[in-house]
Amino acid sequence: MRVLVITGAGVSAESGIPTFRGKNGYWRNLDPAKLATPEAFANNPKLVWEWYRERRQRIRNAQPNPAHHAIVKLAAHADEFLLVTQNVDDLHLRAGLAGEKMVQIHGGIFTTRCSRCDFQFHETGRAEHEDGDLATCPECDEWMRPGVVWFGEQLDLRKIERVENYLARASCDLVIVAGTTAVFGYIIDWALRARGQDGQLIEVNPDPTPLSAFATRLIREPAGIALPRLVDELLATSHLF
Ligand code: APR
């Protein structure tokens, strides 16, 4: 069985991480879609860092939920497997998914990188300083920023290449898209191309999305409930596993 799974913020919702576009997504009455931009960082880097520091702390305190664990189980039984996640949290990794089986297409929240040069570091284990000063790059003195992809920014070409290489090798028997509004064209494009002519495309989301019309099966339930059941069902019934 060749599998592609695509996840978004909804998969971490049951771990207590607010989604971007949901009711709880606002932070201090600010819209994340306006904070997660190069313009917001240029105007008020301190405010944007405060938001990210809070998110980091929330993620450190969170635990992977049954949806993350179900994806690890599926990966363990598949002949070939790739997860493309839009989530910048580390919950897929902490659930036990190997780094080489996943692509964090929007980056990782625990990476801090220079706004100008390639200097970067990871700080998963470090406590945040609430009112920490803004850090500058030790190599070029530019502001350090969170290593995530903001609205209007390019995706990392090496990451695109990993996804494209996986898609190019063969089509997938199974594509699962869970917990994403699928607002980005590349997400829809990858899901549709991956399933090819014959693959299954299963959407797990309580609400409809632009991808719903193309799905071979819709599961309108929270991912933490639906995914463990779906994975067990697939493992028990599919002759491809
Ligand atoms: N289980 C499954 N899906 C859920 C759950 C749940 N428990 N709770 C909410 N959802 C669904 C919502 O119906 C919605 O479709 O998850 C989706 C969350 O959507 P967004 O907040 O838009 O998150 P996402 O699709 O990951 O956003 C994509 O946009 O903001 C940027 O870069 C950011 O990676 C993010 C990207």
Side-chain angles (χ1 to χ4, degrees), residues 4-27 30-41 48 51-52 54-56 58-59 62-71 74 83-93 95 102-111 113 145-156 159-160 163 175-191 201-215 217-231:
L4 175 73
V5 176
I6 300 179
T7 60
V11 162
S12 293
E14 288 153 87
S15 294
I17 315 292
T19 62
F20 282 84
R21 294 173 182 79
K23 289 187 289 292
N24 303 323
Y26 271 60
W27 175 74
L30 298 169
D31 180 354
K34 298 204 174 103
L35 281 171
T37 63
E39 292 76 23
F41 189 70
V48 172
W51 180 52
Y52 277 99
E54 271 192 37
R55 282 182 71 84
R56 280 179 171 181
R58 187 184 275 264
I59 291 164
Q63 296 304 324
N65 69 55
H68 299 104
H69 291 299
I71 291 168
L74 182 63
L83 168 72
V84 176
T85 184
Q86 297 161 87
N87 297 345
V88 297
D89 66 50
D90 59 356
L91 296 179
H92 284 298
L93 272 173
M102 66 181 272
V103 177
Q104 274 190 298
I105 198 69
H106 293 163
I109 197 168
F110 294 110
T111 301
R113 70 171 175 86
R145 56 164 279 182
V148 302
V149 178
W150 283 330
F151 288 100
E153 292 187 318
Q154 299 291 323
L155 300 178
D156 181 336
K159 292 185 177 182
I160 294 180
V163 181
V175 180
I176 298 177
V177 182
T180 176
T181 42
V183 281
F184 298 116
Y186 48 87
I187 295 299
I188 297 177
D189 178 54
W190 285 336
L201 172 54
I202 304 179
E203 180 178 72
V204 177
N205 196 315
D207 294 321
T209 78
L211 204 60
S212 304
F214 303 100
R217 182 170 167 193
L218 297 168
I219 306 181
R220 295 260 170 262
E221 279 180 312
I225 293 169
L227 275 176
R229 204 182 53 219
L230 174 65
V231 168

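Order of listing sets the numbers, starting from 1, for every ligand and every atom in it.
- Close approach to Pro222 involves these atoms of ligand 1, each under 4.0 Å from a residue heavy atom: 1 (N), 6 (C), 7 (N).
- Checking Ala36, Ala182, Pro206 against atom 3 (N) of ligand 1, the nearest heavy atom belongs to Pro206.
- Taking the six-membered ring for Trp and thresholds of 30 and 60 degrees, His68 and His92 have ring planes more than 60 degrees apart, a perpendicular arrangement.
- Contact detail for Gly107 and Val149: the closest heavy-atom pair is N-CG2, 4.3 Å.
- Taking every heavy atom of Gly8 and a limit of under 4.0 angstrom, the matching atoms of ligand 1 come to 26 (O).
- No N or O atom of Asn87 sits closer than 3.5 Å to an N or O atom of ligand 1.
- By the 3.5 Å distance cut-off applied to N or O atoms, Gly179 is counted among the residues near ligand 1.
- Heavy-atom contacts of Phe184 reach the following atoms of ligand 1: 28 (C), 29 (O), 36 (C) (cutoff under 4.0 Å).
- Of the options Thr85, Asp89, Asn65, a side-chain hydrogen bond (donor to acceptor under 3.5 Å, both in side chains) to Ser12 is made by Asp89 and by none of the others.
- Residue Val149 has no nitrogen or oxygen atom sitting less than 3.5 Å from a nitrogen or oxygen atom of ligand 1, judged on distance alone.
- Residue Phe151 places a heavy atom under 4.0 Å from ligand 1.
- Residue Glu14 approaches ligand 1 through these ligand atoms, each under 4.0 Å from one of its heavy atoms: 1 (N), 6 (C), 7 (N).
- For ligand 1, one of its N or O atoms has an N or O atom of His106 under 3.5 Å away.
- Of the listed residues (Ala223, Gly10, Ala9), the one carrying the non-hydrogen atom nearest atom 9 (C) of ligand 1 is Gly10.
- When atom types are taken as modelled, the side chain of Asn87 and the backbone of Gly8 share a donor-acceptor pair closer than 3.5 angstrom.
- Both the sub-6.0 Å distance and the 45° axial angle are satisfied by Arg145 relative to the ring of Trp150.
- Taking both residues in full, the closest heavy atoms of Gly224 and Pro66 are given as O-CB, 3.5 Å, listed atom of the first, atom of the second, then distance.
- Annotation for Arg58 and Gly16: closest pair NH1-O, 2.9 Å, computed over non-hydrogen atoms.
- When each atom of ligand 1 is checked for a heavy atom of Thr180 under 4.0 Å away, the hits are 15 (O), 16 (O), 17 (C), 24 (P), 25 (O).
- The backbone and the side chain of Gln86 each have at least one atom closer than 4.0 Å to an atom of ligand 1 (non-hydrogen atoms only).
- Using the six-membered ring where Trp is involved, Trp27 and Trp51 have ring planes that are tilted, between 30° and 60° apart.
- Here the shortest heavy-atom pairing between Gln63 and Leu91 reads C-CD2, 4.0 Å.
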